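Chain A is the first sequence line, chain B the second, and so forth, proteins listed ahead of strands; every chain is numbered from 1. Small disclaimer: the values here were computed from a predicted structure and weren't measured.
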There are 2 protein chains.
Amino acid sequence: MGPAYTTAYRYYNDDINTKEIEKSVFDTILTGTARTYPDDDTYVTDSAASATALSSGIKSYNGAIAVDTDKKPVKTMLELAKEKDMLTALVVTSQINHATPASFTAHNESRRNYDQIANDYIDNKINGKLPVDLMFGGGTDYFIRKDRNLINEFVDNNYQYIDKLDKINTITQIPAIGLFDNIGLPYAIDSTKNHLEMMTKKALNLIDKQSDNGFFMMIEGSQIDWCGHNNDITCAMAEMHDFANSIKIAKKYVDNNPDTILVVTADHSTGGLTVGANHEYKWDAQVVKDFKVSARKLSRKLFKNDKLALEWDKYSSTPLTDKEYQSLKVAKVVDEANLFIAVKHIINTRSYTGWTTNGHTAMDVQVFSYGKGAEHFTGNLNNTDIAKQLIKFIKN
Amino acid sequence: MGPAYTTAYRYYNDDINTKEIEKSVFDTILTGTARTYPDDDTYVTDSAASATALSSGIKSYNGAIAVDTDKKPVKTMLELAKEKDMLTALVVTSQINHATPASFTAHNESRRNYDQIANDYIDNKINGKLPVDLMFGGGTDYFIRKDRNLINEFVDNNYQYIDKLDKINTITQIPAIGLFDNIGLPYAIDSTKNHLEMMTKKALNLIDKQSDNGFFMMIEGSQIDWCGHNNDITCAMAEMHDFANSIKIAKKYVDNNPDTILVVTADHSTGGLTVGANHEYKWDAQVVKDFKVSARKLSRKLFKNDKLALEWDKYSSTPLTDKEYQSLKVAKVVDEANLFIAVKHIINTRSYTGWTTNGHTAMDVQVFSYGKGAEHFTGNLNNTDIAKQLIKFIKN
């Protein structure tokens, strides 16, 4: 979520019935920016290296899950918080053992070792206790396996377990684990639920009752990045909205608990998103708002349906031009992947949204902070500086 | 100069002989970010609207030179400074009547009315005095015209005038005007001189001796944007270097004069630059450093010379691959414009540099500040907030 994402989100979120361009929640708490380069000569980080930097204060190689360049484990702030008998929590929309949450909880030489990483959520004991008290996200495929059923082990350790987001309010205690999908949760735009907002609200409610000794919580709007990898702006903006609502809840928590610090940042930016493209001085937020589903879902629907134009009109309030219709027809003959590309081309062209890669870029990210000690997160920081300061707070 | 430019510059400027990635001067003084949208529904500003916002605190339409949406003149901070009998100065690498400096000095419904705008540099009297005491930049084409010779009028008003940058040290007094080219100055990379650095040093030396009543100076690294419009990364990085050196001089001035405030920002970002592109997790700064001239100059040289590969080797330390050679050969047959595109394609592909437009984008820009009152330029600001605060300083 580099600065192009928060810029785009402000205009996407703008109330067009007012002359004013409303600030987003991000605008109200920006305090600095951060350098994200990993410990090699590429300058472009992946999620594992940057999450390791953000969890431990140590730069590592792309792919590293809380290990240094010698592949030795590095202590994370979640582990430190647990050592101090604080409550610990992870709230994500990816699988709960994906690179970012994993880099706070597990240690592995490769982010791809998903099963080993999931095992660490039980095995990485801190003073004899499990590392994370509260977990919301996806990932049953990795936690309920033939070789090992980690959920049973959590239950044996007195964790309450649920697998339906609708039933999140049946959770009455910490420790608890809620895994709401096989891998990641659905895109926010393709769902009726604001997943991250719901999970954040519940997690903070639960924490609030039991956090006499303090707490550390890591919340990730995981799929902003996934939509970015797809170069899908409608998908990305809906994820940003869910994330913004989650931040609003966290901000309110800080207002009610002024001894709390909220820090928001990104591990990197994705897709080379630019707000404006193709030589026009314009970005058309209305086009983005016009689409009711992700480009992925739209292409799937179009691929399965013979009446292309009619199907399109179910999900977009602006009908296809002849040229657009032809481009989809030609792409559909090849395969669904080509149709996906053609659909995105229409959305990006109509809205003047630019992308330069399916991967990440080196762009500095923003740092937002709110609450007690927010003044430590100003200026241009190294991403490791953010971790070092938070670790100081946990230690003292 | 959006955040992609300062990110890229840090890595371009990195000393590869040290393990550490050195901070750039920008990194040492970042304090916030700014929203740049103009007063219409495009979200993407041009230089005139944003310079008007930065000079007056008022948002206007794209093309506006210090006039509001009703095309009525708005008071600029340079005019306010002059009313207060402060010294005023403009230092730019574009023509001195280009959109940015013009929006501090002149009033016009269109940035394209270059001659009318130049006339304002004499005619826009403040309390009977000319608006700007010291000017360095380009633009003799607009100031020495058949219908009016403004330089003669400056001389009649006791301005010292020079037209050679090499002779800048012959200027011994304010008022003075130095116009060093017909329109803009040459690109820094195609010149042996660091134009902006030289002009900044001289301007601050002159000001220092005569500024008993305070001063306002606007310095612009004008051609960072021009290289961005060309999607030419080697050109842009050399301009960034000249600008960074100019900021270092200004910072030193503030160190020696702690009652001074230095504020650095951008009017907008250009080109949709991304640091990393084409699916690789990498940006290759070394490739950018390998080129000794701008892509524009390189294509001109290649177009005029029959021995493509030999000519290429004069300006790049990495020889052409067969595929690259063929792409240049094919483009050269069409025309120089096509060759220019082909040359840039090679540089951008080799270095993993992305671009999405020849125009501007809506991306928030960074705000850097240093010296007395720097704490007023923190958080996410509207670009007009920057002007309003500086105007407060001038008024009080």
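Using a 3.5 Å distance cut-off with no hydrogens or angles, the side chains of B/Gln366 and B/Thr6 do pair a donor with an acceptor.
With a 4.5 Å cut-off on non-hydrogen atoms, B/Asp40 does not touch chain A at all. For a residue to count as touching a neighbouring chain, one of its non-hydrogen atoms must lie under 4.5 Å from one of that chain's; by this rule B/His268 does not touch chain A. Neither the backbone nor the side chain of B/Phe26 comes within contact range of chain A; no heavy atom of the residue lies under 4.5 Å from a heavy atom of that chain. Proximity to chain A (any heavy atom under 4.5 Å) is restricted, for B/Thr45, to the backbone atoms N, CA, C and O. Within the 4.5 angstrom heavy-atom criterion, only side-chain atoms of B/Lys19, from C-beta onward, approach chain A. For chain A, no part of B/Thr378 is nearby; none of its heavy atoms comes within less than 4.5 Å. Only the side chain of A/Asp14 comes within contact range of chain B, with at least one heavy atom under 4.5 Å from a heavy atom of that chain. Proximity to chain B (any heavy atom under 4.5 Å) is shown, for A/Tyr352, by neither the backbone nor the side chain. Proximity to chain A is absent for every atom of B/Gln286, based on heavy atoms less than 4.5 angstrom apart.
A donor-acceptor pair under 3.5 Å is formed between the side chain of B/Tyr5 and the backbone N or O of B/Thr270. Of the possible donor and acceptor atoms, one in the side chain of B/Tyr61 sits under 3.5 Å from a partner among the backbone N and O of B/Glu109. No donor-acceptor pair under 3.5 Å is formed between the side chain of A/His279 and the backbone N or O of B/Thr357.
Ranked by heavy-atom pairs shorter than 4.5 Å toward chain B, the options A/Gly276, A/Pro38, A/Ala362 are led by A/Ala362. Counting heavy-atom pairs under 4.5 Å between each of A/Ala4, A/Gly32, A/Ala277, A/Gly272 and chain B puts A/Ala277 at the top. Interface remark: of the candidates B/Ala285, B/Ala8, B/Ser269, B/Pro3, B/Pro3 forms the most heavy-atom pairs closer than 4.5 Å to chain A. When each of A/Leu381, A/Thr353, A/Asp39 is scored by its heavy-atom pairs under 4.5 Å with chain B, the top score falls to A/Asp39. Taking chain A as the reference chain and counting heavy-atom pairs below 4.5 Å, the highest number among B/His229, B/Arg10, B/Lys23 is found for B/Arg10.
In terms of heavy atoms, B/Thr384 sits closest to B/Lys59 at CG2-CG, 3.7 Å. Among all heavy-atom pairs drawn from A/Asn231 and A/Gly271, the shortest one is ND2-CA, 3.9 Å.
For the atom pair OG1 of A/Thr349 and NZ of A/Lys344, the computed distance is 12.0 Å after rounding to the nearest 0.5 Å.
Under a 4.0 Å N-O distance rule, the pair A/Arg296/A/Asp232 does not qualify as a salt bridge.
Taking the six-membered ring where the residue is Trp, B/Tyr37 and A/Tyr11 present perpendicular rings, their angle passing 60° and hence far from 30°.
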